[in-house]
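A quick write-up on the structure given underneath.
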Amino acid sequence: MKMKKGFWLFILVVCLMTPGLVAAADAPAVVDAPTPAPAPPDMVTLKDGSVIYGEVVEMSGGVLMIKTAAAEGDIIKIKWANVSKLAINHPIPFHLKEGTVLVGTATEGSNGTITVKAEPMKGAIEVPIDSITALNPIVQDPVIYVGNLTGGYSQATGNSHLRNASLLGDLVARSEQLRLTINGRYIYGDNDGELAARNARGTIKMDFFITKRFFMYASSYFEKDTFQDLKLRTALSTGPGYNFIEKGDYSGRWRKDLSLYAEAGLSYFNEDYINIGDTTSLRGRWAVRLNWPMLDERMTFYHYQEFYPSLENTKDYYMSMDNGVRFKLFAGFVSGIQVTTRYNSNPAPGTGDTDNLYLMTLGYSFDTTKKR
């Protein structure tokens, strides 16, 4: 009896397992989907027969930028006039002379043309290479704003009573033909309630671009300093300037955002002193501004100087110079170290000719420039 019970129990277990086994046997085998093959690289053929493979990033201002594996991801720049053939295997916008914009891929054509396969349409369009004004350009806002506002404060109490405060601001608003620059600084310090430092400086300058790099400027400079016996120093200047280096002239993480310009001109220069009255002279003006962001703007070195030599007495001149490093912390917050030097070869009686200011600051920086 026990044997029969065991036999029927075995039969029951087999019957319960059989549908699953049959279903498993009938189920189709699972096959992994094939990995799609990577798109072939873009190909640029030059008029001298050279061929460059990589990824076309952009063409604007008559310069084609292509990222290649051989350059370890850096951008290679090629004059668009040297390109004879082009094949692009990822869809990008093609801007044409008449204002048309086509988005698609491109293959080599004949007689100086390329065949653009526009995405919304099924067909292809033959486009002369010399009718292309831009490829995948970054469309910037009409006005770009770049600036920062930083400050510092320190205080000591107890056996000593010291207070020091500083506030620095800088704003540049740039359109295609105009550039407005505003910067200012205020410094204050006291020792046990007795004034130890108080000076302020402000500059407003407008640049009018005649070409992409050459411009004419008009600027006003104002400064006061209690310890220089200076009620107000004023310089109103005008003259030509030139952008020697602009963002994008170089590639790589160290130099791609480097900019440098210089200015020269004439200046109406007035110094109004507290005790000796004011003096006025016609002077020349020389100015240089360098801004060098490095490592994707994590660290920025900057240099700015203005030099005002008298045209009546070569031994009489005034110079102001800022040197500093700004570090990006997170989001738009920055910290900085700055050294400011001011030199007056003909100071007021009882005052020195050189003032040095050392600042450590914390603040906020912004840049509305669109980046890829």
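Just so you know, these numbers use all the heavy atoms, side chains as well, and skip hydrogens, waters and symmetry mates.
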Worksheet item: Is there a path from I182 to L149 through hydrophobic residues (I, L, V, M, F, W, Y) whose side chains come within less than 4.5 Å of each other?
Response: no
Worksheet item: Is it true that a side-chain atom of N89 and a backbone atom of P41 form a donor plus acceptor pair closer than 3.5 Å?
Response: yes
Practice prompt. Please say whether more than 12 non-hydrogen atoms of neighbouring residues, nucleotides or ligands are located less than 6.0 Å from CZ in F214.
Written response: yes
Worksheet item: Do T341 and N356 have side-chain atoms, one donor and one acceptor, less than 3.5 Å apart?
Response: yes
Item to complete: Apply salt bridge (Lys or Arg N to Asp or Glu O under 4.0 Å) to the pair R163 and D190, showing each step before the final yes or no.
Response: CA-CA 5 Å; R163 287 190 304 172; D190 67 54; 2.8 Å; yes
Discussion item. I want to check a possible cation-pi pair here: R289 against Y304, using under 6.0 Å from ring centre and within 45° of the ring axis as the test.
Written reply: yes
Fill in: Any donor-acceptor pair under 3.5 Å from N344 side chain to Y318 backbone
no
Practice prompt. With sequence neighbours excluded, tell me which residues meet ring-ring contact (aromatic ring centres under 6.0 Å, His included) with Y145.
Written response: none
Item to complete: Show the numbers, then the answer: is there a salt bridge (Lys or Arg N to Asp or Glu O under 4.0 Å) between E223 and R342?
Response: CA-CA 11 Å; E223 183 179 11; R342 293 174 295 156; 2.7 Å; yes
Item to complete: Kindly say whether D130 contributes a backbone atom to a donor-acceptor pair with the side chain of K97 at under 3.5 angstrom?
Response: yes
Practice prompt. For the pair D42 (side chain) and V56 (backbone), establish whether a donor and an acceptor sit closer than 3.5 Å, ignoring hydrogens and angles.
Written response: yes
Item to complete: Start with the C-alpha distance between W80 and I132, add both sets of side-chain angles, then the distance that settles side-chain contact (heavy atoms from CB on, under 4.5 Å), and finish with yes or no.
Response: CA-CA 10 Å; W80 182 246; I132 300 173; 4.0 Å; yes
Discussion item. More than 12 heavy atoms of other residues, nucleotides or ligands under 6.0 Å from CD of E176: yes or no?
Written reply: no
Practice prompt. Decide whether D355 and Q228 meet the rule of one side-chain donor and one side-chain acceptor closer than 3.5 Å.
Written response: yes
Item to complete: Start with the C-alpha distance between R233 and D225, add both sets of side-chain angles, then the distance that settles salt bridge (Lys or Arg N to Asp or Glu O under 4.0 Å), and finish with yes or no.
Response: CA-CA 9 Å; R233 176 180 287 122; D225 191 327; over 6 Å; no
Item to complete: Look only at the side chain of T361 and the backbone of T150, and say whether a donor-acceptor pair between them is shorter than 3.5 Å.
Response: no
Worksheet item: How far apart are the closest heavy atoms of V288 and A262, and which atoms are they?
Response: CG2-CB, 4.2 Å
Fill in: Heavy atoms of other groups near Y250 OH, more than 12 under 6.0 Å
no
Discussion item. Please check: side-chain N/O of S310 versus main-chain N/O of E312, any donor-acceptor pairing under 3.5 Å?
Written reply: yes
Worksheet item: Near K224 NZ, under 6.0 Å, is it more than 12 heavy atoms from other residues, nucleotides or ligands?
Response: no
Practice prompt. Kindly check if the number of other-residue, nucleotide or ligand heavy atoms within 6.0 Å of NZ (K205) is above 12?
Written response: yes
Discussion item. Within the supplied structure, the quantity of interest is the number of heavy atoms (other residues, nucleotides, ligands) at a distance under 6.0 Å from E108 CD; does it exceed 12?
Written reply: yes
Discussion item. When you compare the side chains of T351 and D229, does any donor N or O come within less than 3.5 Å of an acceptor on the partner?
Written reply: no
Fill in: Cation-aromatic face contact R326/F301, 6.0 Å, 45 degrees
no
Practice prompt. Would you please name every residue forming a side chain to side chain donor-acceptor pair (under 3.5 Å) with R255, sequence neighbours left out?
Written response: none
Item to complete: Would you kindly confirm whether Y302 and W286 end up in one hydrophobic cluster when ILVMFWY residues are joined by side chain heavy atoms under 4.5 Å apart?
Response: no
Worksheet item: Is the Lys NZ or Arg CZ of R179 less than 6.0 Å from the centre of Y261's six-membered ring, within 45° of the axis?
Response: yes
Discussion item. With heavy-atom distances below 4.5 Å as the criterion, would you say the side chains of T115 and T113 are in contact?
Written reply: no
Worksheet item: Without hydrogens or angle criteria, can the side chains of S175 and Q177 be said to hold a donor-acceptor pair below 3.5 Å?
Response: no
Fill in: Short side-chain to backbone donor-acceptor contact, T238 and A218, under 3.5 Å
no
Fill in: Check ion pair E297-K328 (N to O, under 4.0 angstrom)
no
Worksheet item: Are L258 and D249 close enough that some pair of their side-chain heavy atoms sits under 4.5 Å apart?
Response: no
Item to complete: Taking the six-membered ring of F244 (Phe, Tyr or Trp), confirm whether the NZ or CZ of R213 is under 6.0 Å from its centre and within 45° of its axis.
Response: no
Discussion item. Within the supplied structure, the quantity of interest is the number of heavy atoms (other residues, nucleotides, ligands) at a distance under 6.0 Å from E194 CD; does it exceed 12?
Written reply: no
Worksheet item: Is the distance between the ring centroids of F215 and F208 under 6.0 Å?
Response: no
Worksheet item: With no hydrogens and no angle check, is any side-chain donor or acceptor of Y317 less than 3.5 Å from a backbone partner on Y343?
Response: no
Practice prompt. Check the pair F269 / Y221 against ring pair (Phe, Tyr, Trp, His ring centres under 6.0 Å), numbers first and verdict last.
Written response: CA-CA 9 Å; F269 198 83; Y221 176 98; 7.8 Å; no
Fill in: Flag, side chain of R201 to backbone of R185, donor-acceptor distance under 3.5 Å
no
Worksheet item: With the threshold set at 4.0 Å, does a side-chain nitrogen-carboxylate oxygen contact exist between K370 and D141?
Response: yes
Discussion item. Any non-hydrogen side-chain atom of L171 less than 4.5 Å from a side-chain atom of F366?
Written reply: yes
